[in-house]
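What follows is a short report on a single structure.
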Amino acid sequence: MSGRDSELEEAEPASGFSDLSDSEFLQIEEPEDGDSEKPSCSHNRHLEPVEKALETAKRKRAQTPLETFRLLYLCITDVSAQVWCEQQMVYKRERPDLLPLENTVQLNTGKSIHLARELEYHDLVSVCTTSREDSWAIKLLNLLAMIPVLQAGRRVREFPVFGVLEGVFVVGVIDQLGYTAKGELELSELKTRHEAFLPSAAQKKRDRFQVFLYKCIFDAMVQGHLTWDIFIQHLHLRPEQVLGPQVQEQARNAGFTASCFQDLLELAFLNLTLLDIPVIDRLQIEYIHQGTNAPLGTEVLAYDDDAVRATVRDFLAYWKGQRDPKGVDVEDAWKCRYCAYASVCDWRLGRAGSPTVKSRPKKSR
DNA sequence: ATTGCTGAATGG
């Protein structure tokens with residue numbers, strides 16, 4: 001019977017709290033009856049030894065990566081980084097002290113090109129925030145400000161997106177959204193390159209997945225799948241938290257009145273769902289050269305929802321502690337050449353010790 | 001939740 005599996009899958013996304021996942025683990029644990037100590041309490045439902053067992057089970061239980069890294073949410077780029085090398089992505093969190101400095105120049109160049117493009121569309125305003133709710137409110141305000149611009153047929157840049165993938169809250173920023181001449185809603189992701197040629201297949205693959213995730217989450221937002229309580233529950237925010245004066249002022253400037261966090265949440269939800277914003281029809285990645293701004297090529301992507309969701313499921317299984325992190329396959333071992341963690345990498349060591357080569361290529365359609 | 005909780009993305 002595999003019915004129990006699907007039950008778990010159904011139950012999980014709804015729960016944002018750790019006590020629920022604790023009870024889940026208790027079901028998996030062997031039921032221990034070590035009632036040697038207090039037989040007098042046997043009439044009680046809450047037996048002391050059971051309590052003890054629960055405590056030790058809690059302590060012994062391996063934390064999920066989300067718990068160990070104290071993460072309430074993931075960034076889209078965290079997930080797409082798993083395409084390149086999941087193990088490397090994990091090391092970046094575990095060993096930030098070993099973070100490489102080699103390509104910071106390229107990264108910063110990319111950053112400033114992106115910023116320059118953003119400034120062509122709107123000014124940046126710095127707003128003082130006094131609570132966590134305030135800082136999330138800013139993201140919602142950005143979203144609320146961009147919707148009318150988009151609906152007026154103009155382009156927007158840095159569009160915030162939120163959603164839930166496999167029960168995990170994810171956050172991202174869409175580079176650019178706009179309508180094509182044919183009236184299709186188009187997502188355009190800009191990638192700048194130090195080298196004056198298109199990236200390798202491996203990099204393109206990662207970039208594509210990033211864009212696929214944006215579509216997945218954006219579509220769910222405009223289809224009304226992201227309700228306000230999801231926000232509150234996953235991020236542990238207080239709906240009644242009064243917004244800071246500067247945040248309230250920004251809301252007024254944008255034409256909204258919101259005094260508490262939930263006001264903004266509801267406004268965002270209503271604006272997203274009631275304005276007939278379409279799902280994204282067209283996905284493209286534009287590669288340009290950092291030195292000359294010369295276009296290197298544009299990729300138009302075909303979105304395969306089933307394939308994206310299958311990969312998402314596999315990637316998030318790591319975060320939820322359902323499997324160990326994976327390094328690159330043998331044929332991608334060249335990536336280790338660029339990796340700051342190559343010398344300490346367990347995956348590499350493990351592979352050198354025991355040559356357990358996977359004989360199943362992923363392309364088994 | 002014991003008191004608590006991160007700009008995302010930048011490129012190879």
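Order of the sequence lines sets the chain letters (A, B, ...), proteins ahead of strands, with each chain counted from 1.
- Considering only residues two or more places apart in sequence or on other chains, A:W84 meets the ring pair (Phe, Tyr, Trp, His ring centres under 6.0 Å) condition with A:W334.
- For the side chain to side chain contact (heavy atoms under 4.5 Å, CB included) test, residues two or more places apart in sequence or in another chain that qualify with A:V83 are A:K205, A:R206, A:F209, A:F315.
- Under the 6.0 Å cut-off for aromatic ring centres, A:Y341 and A:W347 do not qualify, their centroids lying 6.0 Å or more apart.
- The two residues A:P65 and A:Y318 come nearest to each other via the heavy atoms CG-O, 3.2 Å.
- Within the 4.0 Å cut-off from OP1 or OP2 of B:dT10, at least one side-chain nitrogen or oxygen of A:Q210 is found.
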Show me the donor-acceptor pairs, under 3.5 Å and distance only, between side chains in residues 249-262 of chain A and residues at least two apart or in other chains.
from	atom 1	to	atom 2	distance (Å)
A:S259	OG	A:D263	OD2	3.2
A:Q262	NE2	A:E266	OE2	3.1

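- For A:F159 and A:F218, the ring centers sit closer than 6.0 Å to each other.
- Closest to the A:T77 side chain, of the nucleotides B:dT6, B:dG12, B:dA9, is B:dA9.
- For residues 222-230 of chain A, proximity to DNA chain B is found at no residue, defined as any non-hydrogen atom under 4.0 angstrom from a strand atom.
- Among residues at least two apart or in separate chains, salt bridge (Lys or Arg N to Asp or Glu O under 4.0 Å) pairs with a member in residues 172-182 of chain A are A:R157-A:D175.
- Using a 4.0 Å heavy-atom distance criterion, A:Q290 is classed as a sugar-phosphate-only contact.
- At a threshold of 4.0 angstrom between heavy atoms, the contacts of A:R132 are confined to the sugar-phosphate backbone, with no base atom among them.
- Within residues 187-198 of chain A, the residues that have a heavy atom under 4.0 Å from DNA chain B are, in order of number, A:E189, A:L190, A:K191, A:T192, A:R193, A:H194, A:E195.
- When heavy atoms are screened at a 4.0 angstrom cut-off, A:K335 is found touching no nucleic acid atom at all.
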Acceptor/donor pairs from residues 288-303 of chain A side chains to any protein atom, 3.5 angstrom cut, sequence neighbours excluded:
from	atom 1	to	atom 2	distance (Å)
A:H289	ND1	A:T292	N	3.4
A:H289	ND1	A:T292	OG1	2.9
A:H289	NE2	A:H194	O	3.1
A:Q290	NE2	A:Q106	O	2.9
A:Q290	NE2	A:T192	OG1	3.0
A:T292	OG1	A:A294	N	3.2
A:Y303	OH	A:D305	OD1	2.8

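- Comparing B:dT6, B:dA8, B:dG12 by their closest approach to the side chain of A:L71 singles out B:dT6.
- With hydrogens and angles ignored, no donor-acceptor pair closer than 3.5 Å exists between the side chain of A:R206 and the base of B:dG11.
- Residues passing the side chain to side chain donor-acceptor pair (under 3.5 Å) test with A:Y214 are A:Q210, sequence neighbours excluded.
- Counting only residues at least two apart or in different chains, salt bridge (Lys or Arg N to Asp or Glu O under 4.0 Å) contacts with residues 231-248 of chain A comprise A:E133-A:R238.
- To the nearest whole angstrom, the two P atoms, one in B:dC5 and one in B:dA1, are 15 Å apart.
- Scored by the ring pair (Phe, Tyr, Trp, His ring centres under 6.0 Å) test, A:F162 finds A:F231 as partners (sequence neighbours excluded).
- For DNA chain B, no neighbouring residue in residues 278-289 of chain A is found when judged by any heavy atom under 4.0 Å.
- Place A:W84 and A:Y214 on DNA chain B by their nearest nucleotides, and A:Y214 ends up nearer the 5' end.
- With B:dG12, B:dA8, B:dG4 as the choices, the nucleotide that has an atom nearest any side-chain atom of A:R70 turns out to be B:dG4.
- Remark: A:K139 engages no residue in a salt bridge (Lys or Arg N to Asp or Glu O under 4.0 Å) (not counting sequence neighbours).
- Closest to the side chain of A:D175, from the set B:dT10, B:dA8, B:dC5, is B:dT10.
- Atom CG in A:L296 sits about 12 Å away from atom P in B:dG11, given to the nearest Å.
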